[in-house]
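All residue numbers in this chain count up from 1 along the given sequence. Both backbone and side-chain heavy atoms feed into the values below; hydrogens, waters and symmetry mates do not.
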Amino acid sequence: MNNIAITIFGGTGDLTYRKLMPALYTLFKRHLLQDNIQICAIGRRPYQNDDYRQIIYNWIQNYARLKVNEQELQNFLLHVIYFKMDFTNLNEYQQLNFFFKNKIFDQHVIYFAVAPNYFEIISKGLSQANYIKQPKIILEKPFGTDLNNARELSQKLEKQFGKKQIYRINHYLGKEMVRNILTVRNTNPLFAHAWNKDFIESIHISAFETVGVETRGSYYDQTGALKDMVQNHLLQILSIVAIDNPQNNIADEQYKIFKSLKPFTLAEIKKHMVLGQYEGYTKEEKVNPLSQTETYAGLKLYVDHPRWKNVAFYIETGKRCQKRAITVTIKFHRINKNIPANILQIQIQPTESINLSFNIKTPGQDSISSVNMNFCQDCNLQFKLNTPEAYERMILSCLNNDDTWFAKWDQIEICWQYIQKLKQLYTAANLPIYIYKQGENHPHEF
């Protein structure tokens, strides 16, 4: 690669500490980033370079995917610079411009590791930084705070930086098992010919967390589970599962699925959507005591396409649940109601695995038993070492000009439209936010 700069707005945030810096170190360790890289972390805290490097030293030690080599880590840290500025103050961008004045880069990636309400002010500031030439912009989700805000931001960003320079990251699309969904389907006739309504009864996509909002109360209370997880992450996974023709352009095929999501009427919404909130949420730090923000969302959706006629797609996500797991569970039609269904489960997190349950004659008896065939990727050390973490994969794809697995604006727009409409119907139907106990996976109403 040529000379590369990566500038991170939000350099002292949890995303940078926990994900971005460990990912960048691992790319460096794998020799995919060489001595031509400069990483500039921008933050408001009064750190010197050595202060900041010591902070990320500890985070990398704890969160890097590969075993940390002390000398390699010290070499990596030499490429990290901390730049103190208040990025909400337009006057301070002249300092950033001066910082880059005598530096020449063949590629400059600017990572917006901040909440979407800061995207516009950063973009305005960068318009004054004429020494940052034709940057690539990586945007974190959520993309905007609502449909209108997302549209406005997208138009401004594309006008300023160019449509092809915008990379809207959805790190779930960088996860190994999400990508494996297509491989499992495409390369196995056993599944390829059964990936439709004739063989599949239902598909369940779930993302549960055991933690609550932690220190993100002020952000989460303005967002909720629908915007934070369903509108982007889980609908993206649904589209990968439901793609009609995986041999075509993936992004185009995903868009067709989003466009085919069946709308509901006011009378139907009660049967298709449940929102909940865990007990004690309103007592969390920086959360409105009267908050009606949902920390759980359960949906029963349909894809209006011949392949998926009458196949229910269940989506669930929640905080303070019984377990931490992201799974795709495909339930096949039974031969008859007296025997268990075949189930294909793809576990994306925390363990990366694929499990297939099928039926056998119970040894020594005339009954039927269900048994499991399991592939555990994490159980194989070599597989685990060779599997990039999602942010490694996505950052490297951006550097290589590959936007295949980044979310496209037309996808984001139609998902915003769909989820916003469902939320409006839910509110108009005067449906409650159901309270569920901490440690339960969902309210009893779903």
Side-chain angles (χ1 to χ4, degrees), residues 1-2 4-11 13-41 53 56-80 107-113 136-141 166-183 232-233 236-237 240 250 326 347-353 377-378 380-407:
M1 289 184 177
N2 297 321
I4 296 170
I6 299 178
T7 299
I8 303 172
F9 285 89
D14 187 69
L15 174 64
T16 300
Y17 288 155
R18 192 180 301 268
K19 294 293 185 180
L20 302 186
M21 286 299 177
L24 289 167
Y25 164 74
T26 305
L27 290 173
F28 185 83
K29 179 181 175 66
R30 294 170 59 203
H31 305 292
L32 297 172
L33 296 177
Q34 302 295 334
D35 289 337
N36 52 13
I37 184 79
Q38 176 186 288
I39 300 166
C40 178
R53 288 170 180 169
I56 63 171
Y57 174 96
N58 295 327
W59 283 94
I60 291 170
Q61 287 278 7
N62 290 326
Y63 288 95
R65 177 174 64 86
L66 301 178
K67 184 177 180 181
V68 173
N69 176 281
E70 181 65 24
Q71 187 57 55
E72 286 175 334
L73 179 51
Q74 292 299 332
N75 290 340
F76 169 76
L77 292 174
L78 293 176
H79 298 276
V80 178
Q107 251 194 102
H108 197 146
V109 175
I110 298 181
Y111 204 120
F112 287 33
K136 294 177 181 177
I137 307 296
I138 298 181
L139 302 176
E140 268 292 330
K141 68 88 187 172
I166 309 295
Y167 290 75
R168 299 172 178 89
I169 194 169
N170 187 326
H171 73 276
Y172 274 44
L173 296 181
K175 291 181 178 292
E176 184 75 5
M177 279 300 161
V178 172
R179 298 193 178 195
N180 216 342
I181 292 169
L182 293 181
T183 303
N232 40 72
H233 291 326
Q236 284 284 340
I237 294 177
I240 295 298
I250 292 175
I326 303 172
Q347 184 153 327
I348 299 165
Q349 189 177 288
T351 303
E352 295 179 307
S353 64
Q377 180 168 290
D378 289 356
N380 184 307
L381 181 59
Q382 198 60 44
F383 287 163
K384 189 173 183 178
L385 292 175
N386 289 339
T387 303
E389 194 271 341
Y391 280 97
E392 290 174 52
R393 181 174 267 147
M394 302 305 276
I395 291 170
L396 188 62
S397 294
C398 176
L399 292 173
N400 289 332
N401 304 312
D402 179 7
D403 69 348
T404 304
W405 288 86
F406 285 83

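- At distances below 3.5 Å, at least one donor-acceptor pair connects side-chain atoms of Asp402 with backbone N or O atoms of Thr404.
- Across all non-hydrogen atoms, the minimal contact from Ala41 to Gly11 is CB-CA, 4.0 Å.
- No side-chain heavy atom of Tyr63 sits under 4.5 Å from any side-chain heavy atom of Asn58.
- Screening Glu392, Glu389, Glu176 for a salt bridge (Lys or Arg N to Asp or Glu O under 4.0 Å) with Arg65, the sole residue that qualifies is Glu392.
- The main-chain N or O of Leu66 is never found under 3.5 Å from a side-chain atom of Lys29 such that the two would form a donor-acceptor pair.
- At least one donor-acceptor pair under 3.5 Å links the side chain of Thr16 to the backbone N or O of Gly10.
- The closest side-chain heavy-atom distance from Leu24 to Ile8 is below 4.5 Å.
- No donor-acceptor distance shorter than 3.5 angstrom exists from the side chain of Gln61 to the backbone of Val68, with no hydrogens or angles considered.
- Between Tyr391 and His171, the ring-plane angle classifies as parallel under the 30° and 60° cut-offs.
- With values rounded to the nearest 0.5 angstrom, His233 atom NE2 is found 4.0 Å from Lys141 atom NZ.
- Note that CD1 of Ile137 is 8.5 Å distant from CZ of Phe9, once rounded to the nearest 0.5 Å.
- Annotation: the span from Leu73 atom CG to Tyr57 atom OH amounts to 6.0 Å, rounded to 0.5 Å.
- Remark: Arg393 is not positioned above the aromatic ring of Trp405, lacking an NZ or CZ atom under 6.0 angstrom from the ring centre and at most 45 degrees off the axis.
- Considering CD1 of Ile37 and CG of Leu399, their distance stands at 6.5 Å, rounded to 0.5 Å.
- Nearest heavy-atom pair, Ala407 versus Gln236, reported as atom, atom and distance to 0.1 Å: CB-NE2, 3.9 Å.
- Separating the CD atom in Gln74 from the CZ atom in Arg53 is a distance of 9.5 Å, to the nearest 0.5 Å.
- With Asn75 as the partner, the side chain to side chain donor-acceptor pair (under 3.5 Å) test is satisfied by one option alone out of Gln71, His79, Glu72: Gln71.
- Arg179 places a side-chain N or O within donor-acceptor distance of the main-chain N or O of Leu173, the cut-off being under 3.5 Å.
- At a threshold of 4.5 Å between non-hydrogen side-chain atoms, the residues Trp59 and Arg18 count as touching.
- The side-chain heavy atoms of Thr7 and Tyr111, taken from C-beta on, include no pair separated by under 4.5 Å.
- Closest of all the heavy-atom pairs between Met394 and Phe406 is O-CZ, 3.2 Å.
- Across Cys398 and Val109, no two heavy atoms sit closer than the pair SG-CG2, 4.2 Å.
- Shown here for Ile240 and Leu182, the closest heavy-atom pair between the two residues is O-CD2, 3.6 Å.
- Across every non-hydrogen atom of Asp378 and Thr351, the tightest pair is OD2-CA, 3.4 Å.
- Classification of the Tyr25-Phe76 ring pair by plane angle, with boundaries at 30° and 60°, yields perpendicular.
- Between Thr387 and Glu352, the side chains place no donor N or O within less than 3.5 Å of an acceptor N or O (distance only, hydrogens not considered).
- Asp403 contributes atom CG, which lies 11.5 Å from atom CD1 of Ile166 (distance to the nearest 0.5 angstrom).
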